[in-house]
Amino acid sequence: MSDFQVSVKEVDDVVVIATDGYLNNIGGEKISDICDKHMEKGVNKFLINLEKTSVVNSIGVSILIEIIEKLQDTKGKLAYCKLAPIVEKTFNIMGLTKYSTIYKDEEAGLSDLSA
Amino acid sequence: MSDFQVSVKEVDDVVVIATDGYLNNIGGEKISDICDKHMEKGVNKFLINLEKTSVVNSIGVSILIEIIEKLQDTKGKLAYCKLAPIVEKTFNIMGLTKYSTIYKDEEAGLSDLSA
Amino acid sequence: MGTSPKVELSIPIIPDMELAATQTSEVVARHMGLGQDKSDEIKMALIEACINAFEHSKTEEGQVEINFTIEDNTLVIKVTDQGVGFDENTVKIPKIEQKIKSDHKRGWGLQLIKELMDTVEFESTDEGTTVTMTKKK
Amino acid sequence: MGTSPKVELSIPIIPDMELAATQTSEVVARHMGLGQDKSDEIKMALIEACINAFEHSKTEEGQVEINFTIEDNTLVIKVTDQGVGFDENTVKIPKIEQKIKSDHKRGWGLQLIKELMDTVEFESTDEGTTVTMTKKK
Ligand SMILES: Nc1ncnc2c1ncn2[C@@H]1O[C@H](COP(=O)(O)OP(=O)(O)O)[C@@H](O)[C@H]1O
Ligand SMILES: Nc1ncnc2c1ncn2[C@@H]1O[C@H](COP(=O)(O)OP(=O)(O)O)[C@@H](O)[C@H]1O
């Protein structure tokens with residue numbers, strides 16, 4: 001478990017953010033900054049690949065709720081894929097799944113989001 | 001860090017053992033058992049891919065010395081590849097590298113061993 | 001080793017120090033034969049209990065104590081700080097519908113702990129807080 | 001948090017429990033700004049010190065204590081057992097040439113600890129052993 005890393009790519013009109021490491025406050029802020037920068041440019045579809053993030057905390061996840069709120073203004077979308085069971089459980093307990101979607105993998109997320 | 005896993009494949013006359021997890025006494029014994037079974041069948045070249053083993057202890061590594069000893073009777077070879085820096089350092093301190101070879105990756109190891 | 005092995009951890013308030021606790025719970029859970037899912041639930045609850053003590057206790061001592069005991073088939077975890085304490089009954093149950101619109105997105109830790117563990121108890125005075133949580137095999 | 005943050009761990013003799021200690025050292029090392037190589041060296045030395053206490057101390061108490069302190073730019077780690085003790089001077093320096101032919105392949109722990117850490121000291125009586133090892137930034 002070490003520092004939180006992200007790699008970003010754009011696929012059609014979707015920004016895919018792949019994370020690596022513990023999603024805590026610092027990790028959450030990193031994701032939020034990336035989304036902000038893209039939203040300024042008018043992008044409003046984000047897919048976060050959490051395959052390499054098996055540990056999260058509620059502060060990091062709360063920041064995702066902030067992103068969801070911001071996206072509501074432009075009818076944007078936040079989605080996730082490749083969640084570890086405990087991360088999926090956490091998202092469910094917190095109710096994120098009412099406002100954002102979990103996909104099995106990047107392919108499934110992309111084909112649905114960019115449709 | 002969880003249970004030690006191995007997967008085994010044969011490439012020409014070399015047995016490649018890929019490990020995953022903490023190489024402690026139990027991990028060492030698992031590798032040793034695999035080598036024993038193959039030695040009984042006359043195989044005497046082994047390449048251990050330690051890419052997914054970033055933590056070892058001296059008990060586990062001592063068991064590799066046992067394997068080296070057994071292989072001396074038949075002029076067999078033990079080799080490793082994809083070592084984390086600390087694992088390579090440990091092998092050097094213990095002197096394993098005087099009796100067995102570290103390769104960068106499986107390809108390098110295989111091309112040299114099966115020659 | 002007795003019948004009731006004990007692990008005691010005293011950690012300072014350092015970023016990510018809660019991960020020392022989760023690694024410990026993982027080893028203990030494996031030793032007890034708990035499955036990966038339960039082990040992961042324990043880790044998540046432990047992270048939340050630790051960061052609460054880190055963030056909210058305002059402990060001057062600067063240390064948080066974590067104790068693990070295995071009682072029969074149950075893992076008992078206590079997280080103790082010597083901080084200001086709080087009244088659990090004044091903490092609102094978070095709802096995503098409200099959080100989405102609110103400036104205060106946080107407030108999920110206690111809820112997560114309760115959902116993820118079998119039992120959770122808070123003892124809190126102005127001399128500190130102990131969260132006791134258990135998970136059955 | 002004071003100027004000299006302290007992490008204290010008391011672990012029972014359970015297989016792989018040494019990994020709770022290494023995870024702790026990893027967090028502390030990162031906090032100190034130690035690089036990955038040094039952090040990994042500390043982890044390896046700590047594993048060896050822990051399994052020695054587990055295996056050789058014959059402690060009846062069944063617990064091993066691990067203390068981390070950060071003093072200026074140096075991480076100081078103490079591993080203590082309440083076991084039978086030993087005389088470091090009677091421990092032979094292992095040589096691979098001899099080990100290859102010997103029935104006793106083991107005996108590398110102390111050597112590894114000495115090579116991997118900056119300083120190592122043993123205090124050992126018939127009431128137990130403390131290994132103190134340090135790593136500079
Ligand atoms: N160990 C503690 N010491 C003091 N107050 C606490 C402690 N744990 C929780 N609290 C209080 O309970 C509230 C709710 O905690 P929690 O549900 O974890 O959400 P959050 O930490 O995001 O605020 C905190 O805001 C704090 O006021
Ligand atoms: N904490 C300890 N308590 C008692 N004896 C110890 C302790 N640590 C080391 N020793 C003694 O030192 C010897 C050498 O230890 P080490 O170099 O780690 O190799 P190994 O553990 O493989 O024997 C041990 O065999 C044991 O006799």
Side-chain angles (χ1 to χ4, degrees), chain B residues 1-5 20-32 35-36 50-78 80 83-102, chain D residues 13-27 29 34-56 79 91-117 120 131 135:
Chain B
M1 188 61 49
S2 94
D3 305 306
F4 187 83
Q5 312 269 355
D20 191 344
Y22 182 24
L23 176 52
N24 56 12
N25 55 329
I26 295 167
E29 292 298 347
K30 270 195 192 171
I31 295 176
S32 180
C35 292
D36 282 349
L50 290 161
E51 181 167 17
K52 293 187 177 158
T53 289
S54 55
V55 185
V56 302
N57 73 22
S58 68
I59 310 179
V61 181
S62 295
I63 298 173
L64 301 180
I65 305 179
E66 261 175 56
I67 302 172
I68 294 173
E69 186 189 16
K70 284 184 201 161
L71 284 168
Q72 289 190 327
D73 298 337
T74 64
K75 298 226 157 69
K77 274 183 185 165
L78 182 62
Y80 328 93
L83 268 58
I86 184 63
V87 177
E88 182 157 354
K89 200 170 294 168
T90 300
F91 282 21
N92 276 315
I93 293 172
M94 292 176 61
L96 264 72
T97 40
K98 291 186 191 164
Y99 293 89
S100 50
T101 315
I102 297 172
Chain D
I13 300 173
I14 288 183
D16 291 355
M17 200 67 228
E18 63 274 19
L19 298 181
T22 59
Q23 180 68 22
T24 307
S25 74
E26 207 170 316
V27 175
L34 289 178
Q36 192 61 48
D37 279 356
K38 288 193 180 185
S39 180
D40 285 345
E41 288 163 7
I42 293 165
K43 282 170 68 175
M44 182 75 200
L46 197 46
I47 284 175
E48 295 300 324
C50 287
I51 60 180
N52 274 349
F54 286 4
E55 274 206 315
H56 302 303
V79 178
V91 178
K92 276 202 192 145
I93 296 177
K95 292 263 170 276
I96 185 79
E97 293 77 8
Q98 285 149 22
K99 291 290 182 192
I100 282 275
K101 291 174 256 160
S102 155
D103 275 350
H104 182 247
K105 299 275 186 269
R106 294 190 35 196
W108 296 95
L110 303 185
Q111 185 69 10
L112 283 165
I113 295 171
K114 288 176 194 166
E115 298 262 1
L116 294 170
M117 298 299 281
V120 185
V131 186
K135 190 77 160 183

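Lettering of chains follows the sequences in order, A, B, ..., and the numbering in each one begins at 1.
Rounding to the nearest 0.5 Å places CD of B:Glu69 at 12.0 Å from NZ of D:Lys99. Distance check, rounded to the nearest 0.5 Å: OG of B:Ser54 to CG of D:Asp40 gives 7.5 Å. For the atom pair OG (B:Ser58) and CD1 (D:Ile113), the distance works out to 8.5 Å, reported to the nearest 0.5 Å.
Heavy atoms of B:Asn57 lying under 4.5 Å from chain D belong to its backbone as well as its side chain. Residue B:Val61 does not touch chain D at all, counting heavy-atom pairs closer than 4.5 Å. Residue contact with chain B, scored on non-hydrogen atoms closer than 4.5 Å, involves the side chain of D:Glu48 exclusively. With a 4.5 angstrom heavy-atom cutoff, D:Lys101 touches chain B only via backbone atoms. Heavy-atom distances place the side chain of D:Glu55, and not its backbone, under 4.5 Å from chain B.
For chain D, the option among B:Leu96, B:Thr90, B:Ile86 with the highest count of heavy-atom pairs below 4.5 Å is B:Ile86. No other option in B:Val87, B:Ile63, B:Ile59 has as many heavy-atom pairs under 4.5 Å with chain D as B:Ile59.
Considering only heavy atoms from C-beta on, D:Leu116 comes within 4.5 Å of B:Ile93 through its side chain. Contact annotation: the side chain of D:Glu115 never approaches that of B:Lys89 to less than 4.5 Å [non-hydrogen atoms, C-beta and beyond]. Between D:Glu18 and B:Tyr22, some side-chain heavy-atom pair lies under the 4.5 Å cut-off.
Other residues, nucleotides and ligands place more than 12 heavy atoms under 6.0 Å from the NZ atom of D:Lys114.
When all heavy atoms of D:Lys105 and B:Ser62 are compared, the closest pair comes out as O-OG, 3.5 Å. Nearest heavy-atom pair, D:Trp108 versus B:Met94, reported as atom, atom and distance to 0.1 Å: CH2-O, 3.1 Å.
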From CA spacing to verdict: side chain to side chain contact (heavy atoms under 4.5 Å, CB included), B:Gln72, D:Ile100: CA-CA 10 Å; B:Gln72 289 190 327; D:Ile100 282 275; 3.5 Å; yes
Step-by-step side chain to side chain contact (heavy atoms under 4.5 Å, CB included) determination, B:Val55 to D:Ile47: CA-CA 9 Å; B:Val55 185; D:Ile47 284 175; 3.3 Å; yes
